[in-house]
Amino acid sequence: MKQSMTLIPTLREIPADAEVKSHQLLLKAGFMRQNASGVYSFLPLGKRVLQKVENIVREEMDGADAVELLMPALQQAELWQESGRWYTYGPELMRLRDRNDREFALGATHEEVITSLVRDEVKSYKKLPLTLYQIQTKFRDEKRPRFGLLRGREFIMKDAYSFHSSKESLDEVYKKLFQAYSNVFSRCGLNFRAVIADSGAMGGKDTHEFMVLSDIGEDTIAYSDTSNYAANIEMAPIVMEYKRSSEALKEMDKVKTENQKTIEEVAGFLEVSHENLIKSLLFKVDDQYVLVLVRGDHEVNDVKLKNLLEAGSVELASAEETKTVLSCPVGSLGPVSVTEVRIVADHAVEAVVNGVCGANEEHYHFINVNPGRDFNVEQYADLRFIKEGDPSPDGSGTIVFAKGIEVGHVFKLGTRYSEAMNATYLDENGKSQPMIMGCYGIGVSRTVAAVAEQYNDENGLVWPANIAPYQLHLIAVNMKDETQAQLANELYKELQGERFEILFDDRQERPGVKFADSDLIGLPLRITVGKKASEGIVEVKVRKTGEVTEVNRSELAGTLASMLKSI
RNA sequence: CGGGAUAUAGCUCAGCUUGGCAGAGCACUAGCAUGGGGUGCUAGGGGUCGCAGGUUCAAUUCCUGUUAUCCCGACCA
């Protein structure tokens, strides 16, 4: 493609709205433009990268015996009502009405559509398993879109759904797609981990998220420093045992702790360690309030709490609610003599000896509190977030944290949708059974941003060869110099003939402008036609390393081919 | 949804405190020079100062409302 014929609006300055590297560079290098919050146009370069990623996804999915189809983005409300999600999905589902006042949704995901399709078309165990996928635009009215393509309201996703007559078959396809996903992200050049994730109320024991390691990631990954264990921090179970100190139990006492509210303040004021404190938090669990206790140096894990109580929603009660329910400000909460609400506690609390907790009275705490003696707990469970330094749940090594961007998710759905929507098949005995399902997503546009996030330097983007919008950037230093212009034009045609993907900067621009734009766009190899054009010699520069070689035009195609292979 | 901030040319931003014809740099157009890392000079084009209302002889500037965008938090099958 000649640069004079396409649209690559590079910017000299970074738009003020862009915060993270990938967002800034994709805008600056002219790959995309924002339309509304979380809504973007892909310009020609952006579109090409997107297509590269899509094609890798297609190859790997097809290789795993998944078949592509395309479902509507515009979906009738009835389907969502059938699964129940019309009422539970919330405002994140974009809803609209047609001219006849019928209700629709813009697809946030496609479980309903695919389940209804397969229900109608597949009736026999002989047609199973079946794995279908699509690459499509999804709509989610995010509360807070941010970071450019990383969290948009309209984005491109590959979603796949598998249907089975047995758990074993689901396991098999899950494993195959897990491998396909690893291949996709490896081929995109990403540094990623597959981590154990939350399966939530959907049940099913296996679900993994594919996380690209990045400081701007919105999820925290807890992984072992020695084994390959990795889990979303929400999920990592605590395996350590808490030893009770052998200290003699002392008499409980109420002490004045004027204006000491936080764990930090109270521990400092009473000169005790955080581990000796019992932190009490009031949660609203569905319609009930529950007092949750963890040790002062620990944090409540709301996902574990939610799973333990089999709740639909779990949120911290507000200060006002707390005051109403326990008639006490949040800084002085404690479990002693509390009968109004259920009390659950993390295992670590059970081992606290002569601890400190709020006295349910402003400015007062209890000291020498002992669980069992001074207050009762309905249930002890694993309720806290894992910490760095904790033993790894798989028994080998200790836990370290990293931030991750979720780019893929594989999930064993089970029969949640097939049962709700009556997607059944007849088994070998002629008996009707609900189909067992799996679902598998890849955030395609998010993957593009994740790569941009990992591959850049101070001069701009540095695309891995596999997904670069073009492989080669051909530059004529001076298009007014006839020798240079002619050689560049000839090389452009020759290299195209050799099936290279090539962007030719044929603009009448200053060399400095061309070089700067070239670095910014970040194609893997740059061919510069300059002073030595008359001798048939050009320069080849590797974007990533900056390494430059002079090459005779007769050897150019061969040299480029082998260089592309090596990067 | 709670808290904070911003909105003036395609981009980055001044001007507003103290009301009086709309500004700069970059980008764009034309010309001349230049031609290996965002070049120089000259001459131009481009804005309903987010929108609506109010105060005023006069509002980009003051007041009220509203919308959009960004940030922090909560949320995220």
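Convention: sequence-line order gives letters A, B, ...; per-chain numbering from 1.
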request  = Write down the distance separating the P atoms in B/A9 and B/C51, rounded off to the nearest Å.
outcome  = 11 Å

key: Phosphate contact (B/C72 OP1 or OP2) by A/Arg144 side-chain N/O below 4.0 Å   = yes

Minimum-distance nucleotide to A/Ala16 side chain [options: B/U69, B/C13, B/G25] = B/C13

Paired nucleotide for B/C49 [Watson-Crick or G-U wobble; both distances under 3.5 Å] = none

inquiry  = In the structure I gave you, are the side-chain heavy atoms of A/Ile521 and A/Ile8 within less than 4.5 Å of one another anywhere?
reply    = yes

request  = For the side chain of A/Glu13, starting at C-beta, report the closest nucleotide among B/C11, B/C71, B/U69.
outcome  = B/C11

query = Mind checking who B/C21 pairs with, Watson-Crick or G-U wobble, both distances under 3.5 Å?
reply = none

message = I'd like to check A/Trp86 versus A/Glu103 (side-chain heavy atoms, cut-off strictly below 4.5 Å). Are they in contact?
response = yes

ask   = When every nucleotide of nucleotides 30-36 of chain B is labelled 5' to 3' by its protein contacts under 4.0 Å (heavy atoms), B for base, S for sugar-phosphate only, - for none, what sequence of letters results?
value = ----BBB

message = What I want to check is whether the side chains of A/Asp506 and A/Gln3 have a donor and an acceptor closer together than 3.5 Å.
response = no

key: A/His208 NE2 - B/A77 P separation (whole Å)   = 18 Å

query = Do A/Ile196 and A/Asn232 have side chains that get closer than 4.5 Å, going by heavy atoms?
reply = no

query = Would A/Arg526 and A/Asp519 pass as an ion pair if we require N to O under 4.0 Å?
reply = yes

ask   = Looking at the side chain of A/Glu92, which of B/C72, B/C76, B/C70 is the nearest nucleotide?
value = B/C76

query = Taking any strand in view, what nucleotide pairs with B/U6 in a Watson-Crick or G-U wobble way, both distances under 3.5 Å?
reply = B/A68

inquiry  = Contact between A/Arg151 and A/Lys143 at the side-chain level, heavy atoms closer than 4.5 Å - yes or no?
reply    = no

ask   = How far does the P atom of B/C1 sit from the matching atom of B/U61, given to the nearest Å?
value = 29 Å

query = Taking CG from A/Asp17 and P from B/C72, how many angstroms apart are they, rounded to a whole number?
reply = 13 Å

request  = Please give the nucleotide sitting opposite B/C1 as a Watson-Crick or G-U wobble pair, both distances under 3.5 Å, or none.
outcome  = B/G73

ask   = Are any non-hydrogen side-chain atoms of A/Tyr174 and A/Tyr440 less than 4.5 angstrom apart?
value = yes

message = With rounding to the closest Å, how many angstrom separate the P atoms on B/U60 and B/C70?
response = 27 Å

Closest listed nucleotide, where the reference is the side chain of A/Lys143 and the choices are B/C11, B/A74, B/A77 = B/A74

Distance, C1' atom - from B/C13 to B/G31, rounded to whole angstrom = 30 Å

query = Mapping A/Asp517 and A/His409 onto RNA chain B by nearest heavy atom, which one lands closer to the 5' end?
reply = A/Asp517

inquiry  = Under 4.0 Å, counting only non-hydrogen atoms across every strand here, what does A/Leu316 touch: a base, just sugar-phosphate, or nothing?
reply    = nothing

task = Please state how far atom CD in A/Glu19 lies from atom P in B/U6, giving the value in whole angstrom units.
result = 16 Å

query = Using purine N1 to pyrimidine N3 plus N6-O4 or O6-N4 for Watson-Crick, or N1-O2 and O6-N3 for G-U wobble, both under 3.5 Å, which nucleotide pairs with B/U56?
reply = none

key: Residue A/Gln34, side-chain atoms from C-beta onward, closest of B/U12, B/U69, B/A77   = B/U69

remark   = Here the distance between atom P of B/A77 and atom CD of A/Glu112, to the nearest Å, is 14 Å

inquiry  = Which residues pass the side chain to side chain contact (heavy atoms under 4.5 Å, CB included) test with A/Leu308, not counting sequence neighbours?
reply    = A/Gln379, A/Ala381, A/Leu383

task = Give one of base, sugar-phosphate or nothing for A/Asp302, where a contact means two heavy atoms less than 4.0 Å apart.
result = sugar-phosphate

message = Counting only side-chain heavy atoms from C-beta out, which of B/A77, B/G37, B/C71 sits nearest to A/Phe147?
response = B/C71

ask   = If you check every side-chain atom of A/Asp519, which of B/G37, B/A74, B/C11 has the closest atom?
value = B/G37

message = Suppose you measure atom P in B/A7 against the same atom in B/G15; what distance do you get, rounded to whole Å?
response = 10 Å

task = Answer yes when A/Glu13 and A/Lys28 have at least one side-chain N-carboxylate O distance shorter than 4.0 Å, and no when they do not.
result = no

Base partner of B/U29, which must satisfy Watson-Crick or wobble distances under 3.5 Å = B/A43

task = Could you say whether A/Lys28 or A/Arg146 is positioned toward the 5' end of RNA chain B, judged by the nucleotide with the nearest heavy atom to each?
result = A/Lys28

